[in-house]
Amino acid sequence: MKPSIPQGTRDFSAAVLRKRNFIFSTIRRVFELYGFEPLETPAMENIETLMGKYGEEGDKLIFKILNNGLNHPDKKESALVDFESVLNGKTSKGISERALRYDLTIPFARYVAMNQGQLTFPFKRYQMQPVWRADRPQRGRYREFYQCDADIAGSNSILHEIELALIYTTVFNDLKVPVEIHLNNRKILQALAEQCGGESNLTNITIAIDKLDKIGLEKVKSELLERGLTNDQVRIIEQYISLEGENQKIIEDLQRLFSKSNIGIEGTNELIEILHEVQKSNPASNIKLNPSLARGLNYYTGTIFEIKALGVEMGSIGGGGRYDDLTGLFGVKGIAGVGISFGVDRIYDVMEELSLFPEKIQEGTVALIFNTGVEKYHLLHAAAVLRNENISCEIFHEQSKFDKQFKYAEKKSIPYIIIIGEDEISKNSATLKDLKTGNQQVLKIEDLKKAIKP
RNA sequence: GAGGAUGUAGCUCAGCUGGUUAGAGCGUCUGAUUGUGGUUCAGAAGGUCGUGGGUUCGAGCCCCAUCUUCCUCCCCA
């Protein structure tokens, strides 16, 4: 049979993995710096943990795992009945009782709900693991992809929003990816909904205005009308999403538009505080109010973030926000949460497109010890000395022409080669050559480490 | 889930209205060159033309199905 992998999944070669790990380790380091602790949860969850948490569309995109043993004679009849309900679009525990995780937030909520007695609140965790979606793959969209989430459970403090924004700034600064942090607040959208026929319209409004960037004002307006809003209501929304310009100007406009709405004022004040503190703590933060930012996921109730890479066509490379009732879905009330997520696969694509990966990260082996056919002992000894100094090196596997050994080093981006032949052994030394400059020198084995730049 | 494009050597791609033995560049390997690479030169290997059916005297090319990748919609990271 011809080897292949499932649609939308990928193998990662060494060159790709080194770059990915560069992103992962940057994010991990910053998460740790802010006091988040690691968590991993299983690839699969019980199916009822996931179903119904991501909306109707989300349910369709969850990968369900077929139960084992369906062919057992004793179960045949019940399996047939259960399968009938699957054919009617319902899930059935008789056919599937597990599913692959769809994101990291719901498993986190499940974990907090399960372990609330043991955890120290506020509970700050980060998690970097793959998630799976049965979506149709496209550029920047995969069926298996990684998320890196940091969330805080059990605190309403706005300090977290401020620090999460600072994490975004720090990580993308470290990666040298130019970004805009888009900021908005669901409370303001709620105030807007109240002015437009009540909260029942909130979802209709958020879904439509979230697309403003993509489809433009006219299409957003027609979508709003299709979703049953009146002309007057659409006019109010148009006024709202047309707000643009400097953050300060948008703030003033929001204050004017929602001067009579308590929730609107509350949301605006949160925005003001976050903007103020973030820019004061790290002036490099490119944080931008975006009134049309809504985010599809309905569990958000306060601040919302989204990260837009500058200079490339790419969907958002990160997002997050505050959700008041994280664990309510699992029967534990009163635990608020706030969190952010990094889309590593898209960050990778952006960095690739902008050529932002440092060349340095492709170096695995630092030195290649040529095989000159001398006693293996001499080669192994030199390798051991280097390895003791934490310099990664390898010995060419067989004696062969230098030409071949040089080419091997070149292919693997190994910066140094070391030659130990009869001449060198007689002088208890080694020849070290820097492949980049072409310079070479004869040194004592013990002095190699000094000549090799890390 | 709906619609559209795509697939030929390890990689990037040619391949005429259907006609003998499917080509190029790059890469790989061998040699010039058994202690000094990146250059050059000579040669070689490498293909069930995504897969399975069909039409035809004859299919890389036409038809059907299926899979992959990519694009639009939906949704998202």
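Order of the sequence lines fixes the chain letters, A, B, ..., with proteins taken first and strands second; residue numbering starts at 1 for each chain. Every value quoted in this text rests on a predicted model; they were computed, and no experiment measured them. The figures here come from the full heavy-atom set of this structure, side chains too, leaving out hydrogens, waters and symmetry mates.
- B/C64 sits 23 Å from B/U17 when the C1' atoms are compared, rounded to a whole Å.
- Across the protein-nucleic acid pair, A/Gln405 atom CD and B/G38 atom P stand 14 Å apart, rounded to whole Å.
- When the C1' atom is compared between B/G60 and B/U21, the two are found 15 Å apart, to the nearest whole Å.
- Among B/U36, B/G37, B/G31, the nucleotide with an atom closest to any side-chain atom of A/Lys407 is B/G37.
- Looking at heavy-atom distances under 4.0 Å, A/Gly438 makes contact with a base.
- Here, B/U40 and B/G27 have their P atoms 9 Å apart, quoted to the whole Å.
- At the heavy-atom level, A/Lys60 lies nowhere under 4.0 Å from the strands shown.
- Closest approach to the A/Glu410 side chain among B/U69, B/G38, B/A77 is made by B/G38 (side chain taken as heavy atoms from C-beta onward).
- A/Phe357 has its side chain within reach of A/Ile23: a pair of non-hydrogen atoms, C-beta onward, lies under 4.5 Å apart.
- Listed candidates were B/G31, B/C74, B/U36. Nearest to the side chain of A/Glu57 is B/C74.
- Between A/Lys211 atom NZ and B/C73 atom P there is a gap of 10 Å when expressed in whole angstrom units.
- Protein atom NZ of A/Lys404 is 17 Å distant from nucleotide atom P of B/U36, rounded to whole Å.
- Atom P of nucleotide B/G37 and atom CD of A/Gln440 are separated by 10 Å, given to the nearest angstrom.
- Nearest to the side-chain atoms of A/Leu435 among the listed nucleotides B/C76, B/G37, B/U33 stands B/G37.
- For A/Arg139, whose side chain is taken as the heavy atoms from C-beta onward, the closest listed nucleotide among B/G31, B/U36, B/C70 is B/C70.
- The interatomic distance linking A/Asp135 (CG) with B/C74 (P) rounds to 12 Å, in whole Å.
- Atom pair A/Asp423:CG and B/U34:C1' shows a separation of 15 Å (rounding to whole Å applied).
- For the P atoms, the distance from B/U6 to B/G15 is 13 Å, rounded to whole Å.
- Rounded to a whole Å, the CD1 atom of A/Ile418 is 18 Å from the P atom of B/G37.
- The side chain of A/Gln138 has B/C73 as its nearest neighbour among B/G37, B/C75, B/C73.
- Going from atom CD of A/Glu144 over to atom P of B/C76 covers 21 Å, rounded to whole Å.
- Base-pairing analysis of RNA chain B finds the following stems of at least three consecutive Watson-Crick or G-U pairs, with both pairing distances under 3.5 Å: B:1-5 with B:69-73, B:10-13 with B:23-26, B:28-32 with B:40-44, B:50-54 with B:62-66.
- A/Tyr126 has its ring centre no less than 6.0 Å from the ring centre of A/Phe36.
- The ring of A/Phe145 lies on top of the base of B/A77, close enough and flat enough: under 5.5 Å between centres, under 30° between planes.
- Closest to the side chain of A/Lys411, from the set B/C70, B/A77, B/G27, is B/G27.
- Within the 4.5 Å cutoff, side-chain heavy atoms of A/Arg10 are placed close to those of A/Asp345.
- Of the candidates B/A77, B/G37, B/C70, B/G37 carries the atom nearest the A/Asp403 side chain, counting heavy atoms from C-beta on.
- Atom name C1', nucleotides B/A9 and B/C29: the rounded distance is 15 Å, in whole Å.
- Taking atom C1' on both nucleotides, B/G18 is separated from B/U72 by 34 Å, rounded to a whole Å.
- Between A/Phe342 and A/Phe172, the gap from one ring centroid to the other is short of 6.0 Å.
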Should A/Asp59 and A/Tyr102 be marked as a side chain to side chain contact (heavy atoms under 4.5 Å, CB included) after you check the CA-CA gap, both sets of side-chain angles, and the distance that decides it? CA-CA 9 Å; A/Asp59 282 358; A/Tyr102 179 87; over 6 Å; no
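- When the C1' atom is used for both B/G54 and B/A22, the distance is 23 Å, rounded to whole Å.
- Nucleotides B/G23 and B/A14 place their C1' atoms 7 Å apart, quoted to the nearest Å.
- The base of B/C75 sits within donor-acceptor range of the side chain of A/Arg141, with an N or O pair under 3.5 Å.
- Judged by distance alone, with hydrogens and angles left aside, A/Arg136 brings no side-chain donor or acceptor close enough to the base of B/C75 to form a pair under 3.5 Å.
- Using a 4.0 Å heavy-atom distance criterion, A/Glu422 is classed as a base contact.
- No more than 12 heavy atoms of other residues, nucleotides or ligands lie within 6.0 Å of CD in A/Glu375, so this atom counts as exposed by the packing criterion.
- Within the 4.5 Å cutoff, the side chain of A/Gln279 has heavy atoms near those of the A/Asn247 side chain.
- The side chain of A/Tyr142 has B/A77 as its nearest neighbour among B/C75, B/G31, B/A77.
- Side-chain proximity of A/Lys433 to B/G35, B/G37, B/C76: nearest is B/G37.
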